[in-house]
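In each ligand, atom 1 is the first atom listed, and ligand 1 is the first ligand listed. Note that the structure is predicted; figures quoted are calculated from it, not measured.
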Amino acid sequence: MLPYGHQSIDEGDIQAVVDVLRSDWLTTGPKVDEFEEAFAARVGAKYAVAFSSGTAALHGAAFSAGLKTGDEAITTPMTFAATANCVLYQGARPVFADVCPDTLNLDPDQAAKRVTSKTRAVLPVDYAGHPADLDPILALAERHGMIVIEDACHAVGAEYKERPTGGLAHMTVFSFHPVKHLTTGEGGMVTTDRADFAETLRRFRNHGISSDARQRQLAGSWLYDMVMLGFNYRLTDVACALGLSQLERLDANLARRREIAARYTAAFGDLPGVLAPSVRAAVNPAWHLYPIRLDLAQFNADRNHIFRALRAENIGVNVHYIPVHLHSYYRNQFGYRGGEYPIAEQAYEELISLPMFYGMNDQDVEDVIHAVKKVTSSFAI
Ligand SMILES: Cc1ncc(COP(=O)(O)O)c(C=O)c1O
C-alpha cells in the first residue's frame, strides 16, 4: 500500500543523530539553539522556540497569548483537533467559524461575525499547506486587540504574498511529525518576532523555570527560580540534530511535492467528478496534503465507497478532516449536532487525500492517477 505520507531519512540524518548520541548533551544542549536559529532564519522570524510536539507548541502559543478562563478564540473546524484543544487547555472556549469554499481555510468574514467582547485570539490553519488569508485576519485582530496564532503545521516553506510562512502572524506554530516536510520524530516550533512571547514560550516549555540546565552549567551556578507554572515540553538535542539535518533538505522536499502536485493537477483538470485543490493568486503552497474533492452528484457512490475502492487499488488514501466540532467530545461539551458549519461539513463528505511525500517516484504518482481515473469512472453515473 502506497501511504498518504511518509518520512524521508537519509544517511546524513542518521549520522547527525549518532553524533549527538556520542556527545555530552542528549537534551537541551547546543543542538536546540542551533536548530532554533536555523529555523527562525529559514522562515524569516526573529525567534524560534522548539517544543516536544506541534500540540505542545500550540499550547505554549495559547498560553503566551494570555488565553484564560472566560476568553474565546476563533478557529476553523477544518483542522486536526489539536488546534482547538490548545484553547481548551487554557480554560478558554474555541469558537469555530466556517471556511472559504475554495481553500477550506478560515473565512475572514465568518471569523469577523464570531468576534465578541471575550475574543482574545484567532487561530487560522494553513490547510493542506495552502496559507490562510492572513492580511484580513491580521486586520481584524488589530481592530479588536486580538493575537493571531497561525497553525502552520502543514505549511513549512509556504509563501503568502511572497513572504514565508512563519514571520507573518504574531505567533506561528509548526509540527515535525513524520508525515510533515521535516521531522524530528515528534516535535514542534513556535516562531515569533516578539521578544516577550519568545521568553514566555521558553519558560513555559521548561516548567516555568527562568533558566535551563545548560545555562546554569555555563554560568557555574545551581540557582534557578520557578516563576510561573509550566510544563516539560522540551525537544531533545537528539531530535534537534535530526531537525537540523532535515532542514537542509527542506527545499528539495518542497520542490518534489510541488512537482507531484503539478502532475496531479494536470491529470485531474478535466477528470469528471474530481476537483483538484485550488490555489489562490499570490500564494505558494507547501503541499503537505493533496486533498481532492468529489462532485458526488456525478457518482452512484458516496466518498466512503470511492475511498475503499482506492484502498483496494493499494492507494493509501486518507481523509482530512472530520470537522472538529463533530467529534464526540465537542458534541458532548458544546452541544454541536451538525449543520453549524455547512461549508466545512459538506467538504468533509467529499474529501480524499491522495499520497503526497518526498519519496514518491514518478511511477507511484502515475499509479495514483491511474487508480483515481479507474475508480471514479467505475462509479460515474
Ligand atoms: C493542523 C495541525 N495542527 C496541529 C497538529 C499537531 O501536531 P503534532 O502531531 O506535532 O502534535 C497537527 C498534526 O498533525 C496538525 O495537522
Side-chain angles (χ1 to χ4, degrees), residues 3-7 35 39 48-63 65 73-90 94 96-97 99 103-106 121-132 134 137 148-158 165-166 169 171-191 201 204-205 231-236 239-240 242-243 246-247 257 277 285-291 318-325 327 330 344 347-348 351 353 356-357:
Y4 86 93
H6 197 265
Q7 69 269 24
F35 185 37
F39 194 88
V49 182
F51 278 80
S52 52
S53 69
T55 303
L58 278 167
H59 189 188
F63 177 87
I74 298 170
T75 191
T76 160
M78 187 47 75
T79 185
F80 184 58
T83 318
N85 291 350
C86 74
V87 177
L88 291 175
Y89 297 158
Q90 285 305 112
F96 298 103
V99 293
T103 59
L104 304 184
N105 280 331
L106 182 66
V122 190
L123 293 96
V125 173
D126 304 324
Y127 174 73
H130 185 299
L134 272 189
I137 293 171
V148 178
I149 301 170
E150 182 179 3
D151 181 337
C153 287
H154 296 185
V156 63
T165 297
M171 285 178 270
T172 308
V173 175
F174 297 90
S175 162
F176 306 134
H177 179 276
V179 293
K180 304 299 195 310
H181 299 70
L182 76 96
T183 188
T184 58
E186 297 280 0
M189 192 77 87
V190 185
T191 57
L201 289 161
F204 185 75
R205 72 161 175 204
F231 289 77
N232 180 351
Y233 279 158
R234 297 184 301 253
L235 190 60
T236 67
C240 289
L242 179 56
Q246 292 255 311
L247 189 59
R257 285 170 187 264
W287 296 109
H288 163 52
L289 301 172
Y290 190 91
N318 213 315
V319 173
H320 300 91
Y321 284 101
I322 300 167
V324 177
H325 66 289
H327 285 293
Y330 280 86
Y348 166 58
L351 283 165
S353 300
M356 168 58 83
F357 55 95

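- Distances shorter than 4.0 angstrom do not occur between any heavy atom of Val173 and any atom of ligand 1.
- Scanning both residues, Thr75 and Val125, for their nearest heavy atoms gives OG1-CG2, 4.5 Å.
- In terms of N/O distances under 3.5 Å, ligand 1 is approached by Lys180.
- Looking only at heavy atoms of the protein, atom 12 (C) of ligand 1 is closest to Phe80 CD2, 3.7 Å.
- A centroid separation of 6.0 Å or more is found between the aromatic rings of Tyr330 and His325.
- At least one heavy atom of Tyr321 sits closer than 4.0 Å to an atom of ligand 1.
- Close approach to Thr79 involves these atoms of ligand 1, each under 4.0 Å from a residue heavy atom: 1 (C).
- Counting only heavy atoms of the protein, atom 3 (N) of ligand 1 lies nearest to Asp151 OD2, 2.7 Å.
- Numbered from 1 in the order shown, with element, the atoms of ligand 1 that lie under 4.0 Å from a heavy atom of His154 read 1 (C), 15 (C), 16 (O).
- In terms of polar-atom proximity, Gly54 is counted as a contact of ligand 1, with an N or O under 3.5 Å from an N or O of the ligand.
- Classification of the Phe174-Phe39 ring pair by plane angle, with boundaries at 30° and 60°, yields perpendicular.
- Within the listing of ligand 1, atoms 10 (O) sit less than 4.0 angstrom from a heavy atom of Gly187.
- Among all protein heavy atoms, the one lying closest to atom 4 (C) of ligand 1 is Cys153 SG, 3.5 Å.
- His59 and Phe204 have their aromatic ring centers within a separation under 6.0 angstrom.
- If you number the atoms of ligand 1 from 1 as listed, the ones under 4.0 Å from a heavy atom of Thr55 come out as 6 (C), 7 (O), 8 (P), 11 (O).
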